[in-house]
Every structure is written in structure tokens, then in C-alpha cells.
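Remember, it's 1-based here, ligands and their atoms both numbered in the order they're listed.
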Amino acid sequence: MKKPLMAGNWKMNKTVSEAVGLVKTLKNAVSDVMNIEILVCPAFTALYAVNNEIRGSNINLGAQNLFLEPKGAFTGEISPMMIKDIGCSYAIIGHSERRQYFFETNELVNKKAKAAFVATLVPIVCIGETLKEREDNVTFKVIEKQIRESLSGFTLEQSCSVVIAYEPVWAIGTGKNAYPEQVQEIHCFIRKIYEQMYGKNAADKVRVLYGGSVNPRNVSDLMKKPDIDGYLVGGASLEAESFTKLIRYFK
Ligand code: 13P
């Protein structure tokens, strides 16, 4: 049985003290939750302090990005081992904001995902179409290309443990979440392509998250769909109250 994953992507928000304050409240509010995996992904600057705060709790730590080289002259970058060393077990890779503002390609995303595995981090690989692509009716084509290129060359074990996050770009931070039917349709499609790449076992086992304006008001409809294994939440994860509500929907 797959354990659902509720992940909060804090993006470029929260000072160290704000991050610690948030995770402290969250920790107390969800300490009894055992049936799902809870993950917070603060900015790099807050990872160390947040890790100290969540030690021994049921909250896991993730980074929002990493660089693919293990070490060396790459000013400003953070290696997978450094992220592991600071207490992370996950890393978000290829978020649409990184693809859009930092020109990350499927090829780079793939290299980063493999580098994450080398450091025994679980990559959460993000894919999703833009509004223009949806309007131009090329969503499936775009998603297939992203899957085939970003998730290629994994071992069978890696293909089961990677997490895929479907985040339609038009739904991120817009308050306009995708309809549950749209999400279900794409998640099924993701598994179909994934099955062609890695077989039925991996397609069944891989966790596929949805992200894009998820909040406590719209999550119950999404929850009715069978192919959503959790959520990658931006805005609603920045407040302990709303993130706790989302986590508790799984109970
Ligand atoms: P929002 O929940 O703010 O739309 O952000 C989604 C997201 O990008 C999570 O990675």
C-alpha cells in the first residue's frame, strides 16, 4: 500500500525564525498523524534550523532544488550530499518556476534527479503544461515528453521510489485549481506512459502528486479521485492551520 505524501513547498518565503515558528506549530498539530507522510520544503537558509525542530517527529524535510555535481567550483550552488547532510530526505526537482525562470530543461531535470538518487535523496520531479499548451491542445504531448525525458534511465528501484508531481502551470498560485477530472485524466496518462517505460509494477507503485492552488476548500473533491497519491502545496502550506487541515483530510 502506497503511503500518501503531503508536501509543502514554501518557495522563497519565511526567515529562519518564521520557518521554525511555522514548523513548531505544525509539529504539535499533526503529531498523531501516521497514515501519511508529511514533508516540508523550506528555503535552503532555513533547512538546518527546521531540521533541528522536527527531529524525532513525523515531519520530513526536503529541499526545493539541488545542483547535479557532488562538489567543486560552482559558486552559489548546493550539492545533493550537502542537502542530505543537513537532514533532507527529499528534493523537489524541475519545479515549473525553475523551468520558467532558471531555464531548466528536461535533460537537466533528469540529471538532477539521478544526482539526488546518488545522495540517497528521493527526487520529486515536477511536470505540467502551461495555459497556452492546454489551449493549443498539446497537453498530452507535452506531458509525455516531460515524463520520457525527465524520468529516463532510472533503475527499476529508482523508478518505483521517485515521486512525480503534476503541477499544471496555469493552476500554480492562481487560485484556479485543475478540476478533479482533469487531474485524474492526466495522472492516469502519466501512469500509462510510465508503464511503457518501467512496467506495470513501477507504474502502480510510483506516487503521483497533484499541485496547483490546493487548499482546504477544494481538496475534498480532489480526494475522491483514485489516482492522486498526495499533494504538493504552495500557498496553503505557509500557514500551519491550512496545511494541518489538508493533512487531516487523509484521516
Ligand atoms: P500553490 O499551491 O501556491 O498554487 O503552489 C503550488 C506549487 O507550485 C507547489 O509546488
Side-chain angles (χ1 to χ4, degrees), residues 4-14 18-19 22-23 26 36-44 46-47 50 59-66 83 88-102 104 109 112-113 116 121-131 133-134 142-143 146 150-151 162-180 182-183 186-187 190 207-223 225 228-250:
L5 176 63
M6 182 63 86
N9 174 9
W10 295 357
K11 307 192 179 182
M12 198 175 71
N13 293 291
K14 308 283 178 194
E18 287 168 349
L22 169 56
V23 86
L26 183 68
I36 70 162
E37 239 184 299
I38 302 168
L39 175 69
V40 294
C41 302
F44 286 132
L47 287 174
V50 168
I59 299 178
N60 298 285
L61 191 65
Q64 298 173 18
N65 181 30
L66 47 67
I83 287 164
C88 292
S89 43
Y90 286 86
I92 299 172
I93 313 272
H95 190 279
S96 67
E97 287 147 18
R98 296 217 54 88
R99 292 174 184 263
Q100 186 181 348
Y101 302 127
F102 305 98
E104 294 200 1
V109 170
K112 287 188 171 192
L121 292 162
V122 175
I124 301 176
V125 176
C126 302
I127 57 173
E129 80 286 2
T130 63
L131 183 59
E133 287 161 346
R134 185 160 276 268
V142 169
I143 297 287
Q146 287 177 334
S150 307
L151 301 166
V162 69
V163 176
I164 303 173
Y166 169 57
E167 299 204 306
V169 179
W170 48 272
I172 294 177
T174 57
K176 213 175 105 178
N177 69 303
Y179 293 121
Q182 290 173 319
V183 179
I186 299 290
H187 282 212
I190 290 171
R207 286 182 293 180
V208 185
L209 314 183
Y210 168 72
S213 297
V214 176
N215 62 43
R217 289 177 305 284
N218 59 31
V219 76
S220 55
D221 282 341
L222 288 163
M223 287 285 180
K225 297 296 173 191
I228 306 175
D229 304 311
Y231 299 89
L232 183 54
V233 184
S237 72
L238 293 174
E239 301 289 338
E241 194 185 337
S242 45
F243 198 45
T244 301
K245 278 188 187 155
L246 288 173
I247 289 166
R248 291 203 170 276
Y249 266 104
F250 274 102

- Task: Report yes if some N/O of Ala236 lies less than 3.5 Å from some N/O of ligand 1; otherwise report no.
- Result: no
Between Val163 and Leu232, is there a side-chain heavy-atom distance shorter than 4.5 Å? no
When distances are taken from atom 9 (C) of ligand 1, the protein heavy atom at minimum range is Glu167 OE2, 2.9 Å
### Task
Would you check whether His95 has a nitrogen or oxygen atom less than 3.5 angstrom from a nitrogen or oxygen atom of ligand 1?
yes
Looking only at protein heavy atoms, what sits closest to atom 3 (O) of ligand 1 is Gly235 N, 2.8 Å
Q | Any N or O of Gly234 closer than 3.5 Å to N or O of ligand 1 | A | yes
Please tell me if the side chains of Ile127 and Ile190 come closer than 4.5 Å, counting only heavy atoms from C-beta onward.
-> yes
Within the 4.0 Å heavy-atom cut-off, what Ala171 brings close to ligand 1 is backbone
Would you call Arg99-Glu167 a salt bridge at under 4.0 Å N-O?
-> no
Across all chains, not counting sequence neighbours, the side chain to side chain donor-acceptor pair (under 3.5 Å) partners of Asn13 are none
Residue set satisfying salt bridge (Lys or Arg N to Asp or Glu O under 4.0 Å) with Lys245, at least two apart, ordered chain then number -> Glu241
side-chain hydrogen bond (donor to acceptor under 3.5 Å, both in side chains) with Asn65: of His95, Lys112, Glu97, only one passes, and it is Lys112
*asked:* Below 30° counts as parallel, above 60° as perpendicular, anything between as tilted: where do the rings of His187 and Tyr210 land?
replied: tilted
The atoms of ligand 1 lying under 4.0 Å from a heavy atom of Ser213, numbered in the order shown, are 1 (P), 2 (O), 4 (O)
**Message:** Tell me if a side-chain donor or acceptor on Gln64 pairs with a main-chain N or O of Asn9 at a distance below 3.5 Å.
**Reply:** no
Taking only non-hydrogen atoms of Asn9 and a 4.0 Å limit, the atoms of ligand 1 in range are 9 (C), 10 (O)
for atom 5 (O) of ligand 1, nearest protein heavy atom and its distance come out as Lys11 NZ, 3.3 Å
Near Gly212 (heavy-atom distance under 4.0 Å), the atoms of ligand 1 are 4 (O), 6 (C)
The atoms of ligand 1 lying under 4.0 Å from a heavy atom of Gly173, numbered in the order shown, are 1 (P), 3 (O), 4 (O)
